[in-house]
Number of protein chains: 2
Amino acid sequence: MPRPRRPLLTRDRIVETALALIDADGLGALSTRRLAAALGVQGPSLYNHFATKDEILDAVADTVTGAVDTSGFASRDWLAALRDWAWSYRRALTAHPNIVPYLAQGPGRRPAALAMADAVYGGLVRAGWPPARATHIGAALRYFVAGSALGSFARGFVEDPELYAAHYPHLRQAHRLAEHQQSVDEGAFALGLDALLHGLAAEYTRTVETVESARPNG
Amino acid sequence: MPRPRRPLLTRDRIVETALALIDADGLGALSTRRLAAALGVQGPSLYNHFATKDEILDAVADTVTGAVDTSGFASRDWLAALRDWAWSYRRALTAHPNIVPYLAQGPGRRPAALAMADAVYGGLVRAGWPPARATHIGAALRYFVAGSALGSFARGFVEDPELYAAHYPHLRQAHRLAEHQQSVDEGAFALGLDALLHGLAAEYTRTVETVESARPNG
DNA sequence: GAATGAAAACTTACACCGCTAGTTTATGAG
DNA sequence: CTCATAAACTAGCGGTGTAAGTTTTCATTC
């Protein structure tokens, strides 16, 4: 088949299909040949639209990141904005858990990831956090969200009662975790996020508000 | 070469060499043939000692997890034990960052990972946390530690000033993050961990101590 | 001490992988 | 109308995990 009258592929169609395959079969199951086959095309044709497979994955990762809502930093106080962002971030990642290991490596040059970092950092600095602290807070929350989406804690335990009974006295119920996967993971996230934000709020009154009130025009 | 008089390979030697290769060149650069070559042997010989490559990676991951110290749960109060554990956990992972994406998927059937989960969960329950809460706390801290070790936040930003200057007003200094990688990552971890533990301590007095004092013999 | 079976290396080979090179034809710009 | 570019193709390279079968040695059993 030579060049067709209407292009068979577009970047969007490739990214969309890649994400669907990753969601369905995992990151490891995405090969250029399988992706191409799902698009009704031969493997190397993809390289007319992307230079490398990593570029495809970058695009997939960025559409996932693009679903994260950072608008709170423009309208709400920093604490509420952080909470909204963290939940939205988590929702975006858990909707496509298989891409998280790739995405969690860092923003790289992906526009949506950089825009997110920009919004968070900017929002925190605007709220009065010293720049270094704003960096740390953004990083800490990213750690927590990425870690929570990366391989469900609950699903990480095998569904095999005998494995635990013998050697791990406190894990007798661990095999049941898989059943309640979603609620365990969400409960852990909710608890951890609340604790984190609680701690940050305390830190805020301790450092930022203290410093401001000490200034002549604070 | 037929069967040699003294075996050329042992599981330990394979795991050790695999970890060294992963540390040096990354997880993606570990192939059975390269690993075998580093051991002075042909690729398929590895399969006399491990059934699959994943089994090798499991063993590597478990030696890394084995370096985590959970002894605090036997000797200190739960809050100090959590802090010690989290730092030890982080040190173990950041010593071998390239294996973290594999390891972070969950404990699976790896003995060291399961022993760690057992110690943490047991310690928290012994301290008075309700079982469900203990699960959540262990998970939340694992999220945070794994996220922090999985692809350095700082290194995730490209060292290219022009990339940021144009479109991301608040990230003008982001390209400098790579320089201070270690201190940024550690600072973010320290801040986040302190905040998390601060929040958990508050939650403890709110729920556990309240409940206990309400009991007749509390 | 001979026989035997498992162990541990080997070679060969398969199906798949990412990607390059070169070919063919349709499209759109001048 | 010309022609560079775009977008599909086929063929193929070097690499991957691993299965199959071979050879020799070791450890055990009669």
Side-chain angles (χ1 to χ4, degrees), chain A residues 1-61 98-99 101-103 105 108-110, chain B residues 1-61 98-99 101-103 105 108-110:
Chain A
M1 188 197 300
R3 175 176 187 177
R5 279 123 208 292
R6 293 285 315 279
L8 305 179
L9 299 177
T10 63
R11 285 177 66 101
D12 282 354
R13 232 165 72 72
I14 293 171
V15 168
E16 201 177 300
T17 308
L19 181 55
L21 283 181
I22 291 169
D23 283 346
D25 305 324
L27 193 56
L30 184 81
S31 75
T32 55
R33 286 172 174 82
R34 271 174 39 92
L35 172 56
L39 289 158
V41 122
Q42 297 296 319
S45 299
L46 299 171
Y47 291 88
N48 289 312
H49 301 267
F50 290 94
T52 64
K53 184 190 180 186
D54 263 20
E55 227 176 64
I56 300 177
L57 289 175
D58 270 343
V60 171
N98 293 337
I99 189 73
Y102 185 87
L103 185 148
Q105 312 260 120
R109 316 184 93 94
R110 297 192 303 257
Chain B
M1 189 195 301
R3 176 175 187 179
R5 278 123 208 289
R6 293 284 313 279
L8 305 180
L9 298 178
T10 64
R11 285 177 67 99
D12 282 353
R13 231 165 73 70
I14 293 172
V15 169
E16 201 177 299
T17 307
L19 181 54
L21 282 181
I22 290 169
D23 283 346
D25 304 324
L27 194 57
L30 185 81
S31 76
T32 55
R33 285 172 176 81
R34 271 176 39 92
L35 172 56
L39 290 158
V41 122
Q42 296 297 319
S45 299
L46 299 171
Y47 290 87
N48 289 313
H49 301 267
F50 290 93
T52 64
K53 185 189 178 185
D54 262 21
E55 229 177 63
I56 300 177
L57 289 175
D58 271 344
V60 171
N98 293 336
I99 191 71
Y102 185 86
L103 184 149
Q105 310 261 117
R109 315 183 96 95
R110 296 193 302 266

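Residue numbers begin at 1 in each chain, while the letters A, B, ... track the order of the sequences. Predicted, not measured: the structure shown is a model, and the values here were computed from it.
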Can you name the side chain to side chain contact (heavy atoms under 4.5 Å, CB included) partners of [X], sequence neighbours left out?
X: B:E55; answer: B:R11, B:F50, B:A51, B:T52
X: B:A37; answer: none
X: A:D12; answer: A:T10
X: B:R33; answer: B:S31

Shorter than 3.5 Å, N or O on both sides, protein versus nucleotides 14-19 of chain D: list them out with atom names.
| unit_1 | atom_1 | unit_2 | atom_2 | d |
| --- | --- | --- | --- | --- |
| D:dT16 | OP1 | B:S31 | OG | 2.9 |
| D:dG17 | OP1 | B:T32 | N | 3.3 |
| D:dG17 | OP1 | B:K53 | NZ | 2.8 |
| D:dG17 | OP2 | B:T32 | N | 2.6 |
| D:dG17 | OP2 | B:T32 | OG1 | 2.7 |
| D:dG17 | N7 | B:R33 | NH1 | 2.7 |
| D:dG17 | O6 | B:R33 | NH2 | 2.9 |
| D:dT18 | OP2 | B:Y47 | OH | 2.4 |
| D:dT18 | OP2 | B:K53 | N | 2.8 |
| D:dT18 | O5' | B:Y47 | OH | 3.3 |
| D:dT18 | O4 | B:R33 | NH2 | 3.3 |

Is any side-chain N or O of A:N48 under 3.5 Å from a base N or O of D:dA6, one able to act as donor and the other as acceptor?
-> no
How close or far is atom [atom2] of [N] from atom [atom1] of [X], stated in whole angstroms?
X: A:L8; N: D:dC9; atom1: CG; atom2: P; result: 7 Å
X: A:E55; N: C:dG18; atom1: CD; atom2: C1'; result: 14 Å
X: A:Q42; N: D:dA11; atom1: CD; atom2: C1'; result: 12 Å
X: A:R13; N: D:dA7; atom1: CZ; atom2: P; result: 13 Å
X: A:L35; N: C:dC16; atom1: CG; atom2: P; result: 17 Å
X: A:L46; N: D:dA7; atom1: CG; atom2: P; result: 13 Å

Short side-chain N/O contact to D:dA6 OP1/OP2 from A:H49, under 4.0 Å =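 Indeed not, no polar side-chain atom of A:H49 lies that close.
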Sequence neighbours left out, what passes side chain to side chain donor-acceptor pair (under 3.5 Å) with A:N48? Give chain and number order.
->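 Checked A:N48 against side chain to side chain donor-acceptor pair (under 3.5 Å); zero matches.
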Does A:R110 reach the main-chain N or O of A:V60 with its side chain, forming a donor-acceptor pair under 3.5 Å?
->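 Not confirmed, A:R110 side chain does not pair with A:V60 backbone.
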